[in-house]
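Counting starts at 1 for both ligands and their atoms, in listed order. Just so you know, residue 1 is the first one in the sequence shown, and it goes up from there. Just so you know, these numbers use all the heavy atoms, side chains as well, and skip hydrogens, waters and symmetry mates. Only a predicted model underlies this, so the values are computations on that prediction, with no experimental measurement involved.
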Amino acid sequence: MRTVRFPAGSREYDVIIGNGAVSVLSGEIKKLCPGAVKALIVSETNVAPLYLEKVRDELTKAGLETADYVFEAGERSKGIEAVAAMWNKMAEAGFTRTDIVIGLGGGVTTDMAGFAAATFLRGINVIQVPTSLLAMVDASIGGKTGIDIPMGKNQVGAFWQPSLVVEDTSFLKTLPDEVFTEGMGEVTKHAFIMDPVLLEKLEKANGNIRDDEDLLEEIVAMNVADKASVVKEDENDNGRRQILNFGHTVGHVIERDSGFTKPHGICVAKGMGLIMDACVRAGTLSPDDAKRMKDLLMLYGLPVSDDITPEAIVKGAMNDKKKRGGLISVILVNEIGKAEIKKMTPEEFMGFLSK
Ligand code: GLY
C-alpha cells in the first residue's frame, strides 16, 4: 500500500493506493470527519453489486448511517437529474454540513458525486473510491466535478477537492478489458506530457501491467504523483493544469459527436495521435518521437487516429470550455516528456490540423 499526498491548493489530502486499500476507509473517516453522522454512497449499476456492501460495511464500522443512490451505468446518466436525485436523498435523510458523500465507481460516478457534494448545503465532504483505472489516475483526483449538458461534456461543474481518495487496485480485477484499456489513454498521456520514466516503464512492461499487482500499484501511484505536481501549481486550470488536456481538445469533439458512445480514454488516444501527426507535419515533433509514442499507445491496445475532419474538430472545439475568448488552447508535445500550451485562433487551428 502507498500513500501519495495531493496538495491541491484549497485542500491537501491523501490518495491511498493498493490491493485491499478499501479496508482503511473506516479508520480514515473517523480521523478525517469526526463530526460525520451520515454518508451517501453514490454508485452505478455495474459497480454497486460488486463493491457497495464492502464500502457500506466500512462506513458502518466508522459508526455512520448510510444511504445510497445507484444510477444506470454510463455517460448518458451524467446529467442534472441524477445530481438532483442525490440532493433530494440527502435532504430527505437530514444530511448536515458535516456529513459525507462517497463516490464509488468510475469517472462518471466520481464527477457526479463530487458535484453533488460541492453543491449540497454549499459544500460537504466527498471521499472518492474510484473503481476504474481512468478514475484512479485522473477523474477522481484533482477536484474537477460536474455533469454533461447536450452542448458538451462537463460543461457544468465546480472545483471541489475530496477529503480523501482510496484506490483499491484489487477492484481493477473485475474491470472489463476495454475499460482497463480506456484508462491507459490517461496513463500514456501523463507519460507523454511529463514523465519519461513512466514511459520507459510502460515500454518495458510490454503491454502487461494488469496482472502484476506491484507494478500496477506503482504505475497508478506514479500517475497520481504526476497529476498532483500539476494541480499543486494550478488548481483552477488557468495555467499549467491545461497540459492535462493533451488529446482532449480533439478527443472531446470525437466523443460528443458519437453521442458519448465512444469511451473517453479511447477518444483521448485518438486526439493525441492526431495532434502528434499535426506536430510532425509542422516540423516541431520528430517522426521518431511520434512513432515511439504511437507505438506505446498501440502496445496498450489504443487507437492513434480517427477520420474526423479538421472542420468538425474546429467547430466542436469552439463550443468547448478549453476555448478562452476567441482562442483555443491546444496542448502540444514536441518532445517526449514536455508539453506546451499553444493558443490558436480557429483559423490557425484549422491550418495546423489540415493535411
Ligand atoms: N482531467 C484533467 C484535469 O483534471 O485537469
Taking only heavy atoms of Asp138, which atoms of ligand 1 are found under 4.0 Å from at least one of them?
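The atoms of ligand 1 under 4.0 Å from a heavy atom of Asp138 are 1 (N), 2 (C), 4 (O).
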Under 3.5 Å, is there a donor-acceptor pair linking the side chains of Glu235 and Gln161?
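Result is yes, a qualifying pair exists.
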Do the rings of Phe115 and Trp87 sit parallel, tilted or perpendicular, given the 30° and 60° boundaries?
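Tilted, since the angle between the ring planes falls between 30° and 60°.
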Could you check whether the rings of His252 and His248 sit parallel, tilted or perpendicular, using 30° and 60° as the cut-offs?
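Rings of His252 and His248: perpendicular, over 60°.
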Nitrogen or oxygen of Lys189 less than 3.5 angstrom from that of ligand 1:
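So ligand 1 has no N or O lying under 3.5 Å from an N or O of Lys189.
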Counting both backbone and side chain atoms, is some N or O of Lys144 under 3.5 Å from an N or O of ligand 1?
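Indeed, backbone or side chain, Lys144 has an N or O that close.
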Ion pair present between Glu217 and Arg2, side-chain N to carboxylate O less than 4.0 angstrom?
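Judged by the 4.0 Å cut-off on N to carboxylate O distance, Glu217 and Arg2 do form a salt bridge.
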Yes or no: does Lys227 have any heavy atom under 4.0 Å from an atom of ligand 1?
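Yes; Lys227 lies near enough to ligand 1 that a heavy-atom distance drops under 4.0 Å.
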